[in-house]
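Letters A, B, ... mirror the listed sequences (proteins, then strands); counts begin at 1.
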Amino acid sequence: MLFEENYQEEVTQFADVILPVPVPRLFTYRVPREFAGIVTAGVRVIVQFGKTKVVTAVVAKVHNSPPKEYQAKYILEILDDVPLVTTQQIDLFHWIAEYYMCCAGEVMNVALPSGLKITSQSKVQLNPEFEYPELLTEREKEIIEELKKHSSLSYDELARFAEVKNVYHLIKSLVGKRAIIVFEEVKEKYSPKIVRKVRLNSFYEETGNLTALIGELEKTPKQLEVLLQYLRYVPALRTPELNRKGLEKSTLMKAGISEGSLGTLVKNGVFEYFEVIISRFADLEPTQEAASIQLSGPQQKAFDEILQQFQQKDTVLFHGITGSGKTEIYIKLIELALESGSQVLYLLPEIALTTQIVVRLQKIFGDKLGVYHSKFSDNERVEVWKNIISGKYQFIIGVRSSVFLPFNNLGLIIVDEEHETSYKQYDPAPRYHAKDVALVIAQKQSAKVLLGSATPSIESYFHANQGRFGLVTLKERFGNAQLPEIELVDIKYARKHRLIKGGFSGLLLEQLKLNLEKKEQSILFQNRRGYSPYLQCEDCDWISTCHQCDVSLTYHYNGQELRCHYCGHREPLPRTCAACGSHKLKTMGYGTEKIEEELQQIFPEAKVGRMDLDTTRSKTAFQTLIGEVEKGAIDILVGTQMVTKGLDFEGVSLVGIFDADKMIHFPDFRASERAFQMITQVAGRAGRRDTRGKVIIQTNNPNQPILHQIIHNDYENLYREEISEREAFMYPPFSRLIKLTVKHFEQEIAHNAASLLALKLREKLGAPRVLGPEAPLVERVRNQFIFEVMIKLEKTIGLKGVKAFLSEQIQDVLLMKEFKGASIIPDVDCG
DNA sequence: AGCACGCCGACT
DNA sequence: GTCGGCGTGCTC
């Protein structure tokens with residue numbers, strides 16, 4: 001028996017870990033004997049990776065089979081005694097990596113807040129046993145002198161001082177001469193928030209002692225003042241337990257206490273300093289507002305139907321028109337789920353997650369509710385993560401990346417505005433869709449999913465029609481508010497008959513004026529930021545373009561510069577035409593800045609605000625702007641698609657859509673769907689309570705059927721047309737799309753690589769399943785030429801096999817020496 | 001990704 | 001000859 005136990009312990013353990021690098025496999029490390037049993041799936045460990053780097057890894061699996069081809073390195077350190085990553089999450093990471101064709105490390109990188117990750121930095125310091133300074137060159141002596149001033153220097157700092165690009169040789173030489181040593185500095189990034197507090201020595205909680213103290217301090221009025229101030233906040237006699245908790249030192253300082261007097265009192269043992277770790281989030285008590293929420297008749301009916309559908313279906317699509325009061329229904333559902341003891345995740349697109357909704361939910365759910373948002377600091381994210389693990393947060397409201405949080409017992413996931421494209425991550429891998437990931441998590445944890453939208457995606461509606469999802473519809477606005485009246489303005493006709501001023505039709509101006517007189521607010525929607533999308537020479541028609549991308553440069557009035565919206569390049573506004581030297585440069589087209597300017601000229605007395613990426617960059621700007629609209633400080637708000645996302649303003653009764661055609665004619669099979677969604681959503685901002693709102697759409701062609709579907713809010717009609725088109729051309733939901741983006745600095749190489757790839761894929765998959773290569777709308781970005789190959793697969797085809805084949809072919813093409821320097825990026829379920 | 005290592009041209 | 005540049009391949 002004893003022997004067997006010993007024998008068990010003798011077996012060496014190995015851990016397969018996920019490393020934060022884009023390498024498509026796990027790495028095996030050896031578990032040191034003293035860590036045996038503590039290293040389990042989900043704990044973070046520190047390992048050496050490569051010759052120099054030290055990184056944080058997450059253990060995916062522990063086993064006993066030593067790797068055959070190499071000697072595994074030892075795990076250096078364990079960071080957690082309780083796994084910070086759940087086994088469910090590790091499964092999910094693997095699922096995402098496989099489904100979206102990326103590496104588990106890339107998934108982990110976006111999943112873990114960077115505060116939970118540790119990377120080492122290589123640093124150098126003087127060798128204390130350095131003996132032969134005569135060996136050094138003059139240059140090296142200077143560096144040693146510099147190093148003496150600091151305890152250590154990073155490679156970067158050293159390179160900057162030595163003014164060399166490549167410090168490697170320098171370091172190697174100095175190490176060879178035994179002048180310096182290289183070491184790895186490991187930094188824990190997360191730091192708990194600490195407050196310095198002060199409390200009265202418990203000796204003075206006695207009446208007698210305290211009176212005596214006051215008597216003593218009569219001689220030193222400054223010190224007496226400190227004591228009296230303290231007692232004002234903390235009545236130490238009456239409530240000694242409050243004294244134990246002390247008072248924040250900063251509170252005393254603010255009350256005008258000097259550091260010195262307090263310091264003396266501490267030295268004399270009257271007061272004592274101590275520190276406590278506090279949460280970055282204030283604890284909020286629920287105010288029991290939930291009980292007061294009364295669902296209207298139609299809301300109650302929808303609520304009952306949703307519950308009933310959940311009896312049979314795991315996913316329900318909730319189609320509630322704008323202003324129908326979906327939030328109240330969500331709240332009731334969330335309460336129900338929490339009561340049953342399970343966790344809840346409420347997903348919202350980035351821009352719809354405003355303080356309004358958070359404050360409202362906090363009033364109801366108090367400190368059970370955690371918020372996860374991209375504008376949170378890293379430390380805050382770590383605290384949210386830890387609070388979910390500890391069980392404090394049972395309800396999270398958050399954006400796309402919240403699907404990666406360590407839930408283990410989800411009962412309900414709400415995906416609000418489920419049609420929103422921002423749920424799909426496009427740029428760095430993992431290129432995941434949060435809605436689909438939510439569905440997968442729900443399935444793994446047996447949770448229910450509610451997809452909510454006023455304009456459901458065609459896919460979701462299709463699944464509902466097919467019976468895969470349940471469907472609940474709410475077609476009445478809350479409190480009998482009416483849907484806005486929508487009018488089309490033929491801008492071509494208006495231009496011809498001079499019924500136009502700047503970019504504004506007579507009708508739009510008239511209504512804006514009327515609204516100003518009535519002291520009601522208006523929103524103007526133009527999905528293009530900047531002043532004008534391009535600058536053109538009147539003499540030779542030259543257009544300002546980006547030198548590293550294939551697009552025109554947008555003129556930004558604010559900053560007087562031209563900017564590329566693809567690569568971020570900026571240049572000062574040219575005074576003359578770069579082609580012919582003419583001074584006649586005119587701004588072409590309308591961006592939000594120009595609309596703002598024209599409005600201000602036409603209505604000088606009106607307060608005009610602008611909401612786009614440029615005015616909401618800073619952490620608070622967005623909230624400030626919303627606040628101003630709410631309190632009526634802005635009469636007309638001009639904005640990009642930001643103004644379409646779930647903003648609730650009481651006083652808005654007019655919405656103007658500046659140019660509807662851009663959206664409708666966008667070259668994408670989803671253009672109609674998107675145009676419908678965007679226009680319907682922004683129209684929904686008009687007239688929420690008792691006044692019926694008005695919407696004016698400016699277009700070159702008022703006869704387009706899509707505009708009439710929008711006017712009549714005829715979603716079913718749009719759906720019927722779209723779905724038959726999708727079926728005819730085998731687009732989603734009848735197929736799956738995988739886009740392969742091929743990039744290279746030389747156009748020809750990019751094209752050849754893409755062509756060869758397409759050819760190889762066609763051979764096996766068949767010609768109809770492979771489209772392209774085709775140059776995208778913008779053919780060149782950051783000097784790289786782009787070609788796209790699209791794979792269209794029927795739903796019946798097994799994805800695993802195809803993806804393995806794709807990866808194989810991609811590797812083949814990338815390894816060919818004529819395509820050196822090319823990159824091929826797969827995007828599963830693109831678009 | 002990030003970094004060691006190797007090969008190559010420009011200069012003392 | 002040496003220094004510094006960049007291209008390549010590996011990381012348990």
The side chain of Y29(A) is closest to which nucleotide in this list: dT8(C), dA1(B), dC12(C)? dC12(C)
Along DNA chain B (nearest heavy atom to each residue), the more 5'-positioned of K51(A) and E106(A): E106(A)
Any luck finding a side-chain donor-acceptor pair between R30(A) and Y74(A) under 3.5 Å? yes
Within residues 63-81 of chain A: residues closer than 4.0 Å to DNA chain C (heavy atoms): Y70(A), A72(A), K73(A)
Salt bridge (Lys or Arg N to Asp or Glu O under 4.0 Å) partners of residues 371-385 of chain A, not counting sequence neighbours, each pair once: R280(A)-E383(A)
Cationic tip of K800(A) within the cone over F805(A)'s six-membered ring, i.e. under 6.0 Å and within 45° of the normal? no
Donor-acceptor pairs are to be reported for all side-chain atoms of residues 771-791 of chain A against protein atoms at under 3.5 Å, with residues two or more places apart or in another chain.
{"residue": "R780(A)", "atom": "NH1", "partner": "H547(A)", "partner atom": "O", "Å": "3.0"}
{"residue": "R780(A)", "atom": "NH1", "partner": "N783(A)", "partner atom": "OD1", "Å": "3.1"}
{"residue": "R780(A)", "atom": "NH2", "partner": "C549(A)", "partner atom": "O", "Å": "3.1"}

Let me know the distance between CZ of F745(A) and P of dG7(C), rounded to the nearest Å. 11 Å
Starting at atom CZ of F27(A), determine the distance to atom P of dA1(B), rounded to an integer number of angstrom. 14 Å
Rounded to the nearest Å, what distance is computed from the CZ atom of residue F49(A) to the P atom of nucleotide dC10(C)? 13 Å
For residues 101-112 of chain A, which residue pairs qualify under salt bridge (Lys or Arg N to Asp or Glu O under 4.0 Å), counting only residues two or more places apart or in two chains? none
Value in whole Å for how far the C1' atom of dT11(C) lies from CG of D16(A): 15 Å
Length of the line joining Q48(A):CD and dC10(C):C1', which is rounded to integer Å: 14 Å
Rounded to the Å, how far apart are R25(A) CZ and dC12(C) C1'? 8 Å
Can you measure K817(A) atom NZ to dG9(C) atom C1' for me and round it to whole angstrom units? 17 Å
From CG of L815(A) across to P of dC10(C) the rounded distance in Å is 11 Å
Taking 4.0 Å as the cut-off, does a side-chain nitrogen or oxygen of T52(A) come that near to OP1 or OP2 on dG2(B)? no
Output every pair passing side chain to side chain donor-acceptor pair (under 3.5 Å) with a member in residues 804-824 of chain A, not counting sequence neighbours, ordered by first then second residue. K760(A)-Q809(A)
Which pairs count as ring-ring contact (aromatic ring centres under 6.0 Å, His included) when at least one residue sits in residues 423-445 of chain A, sequence neighbours excluded? F404(A)-Y432(A)
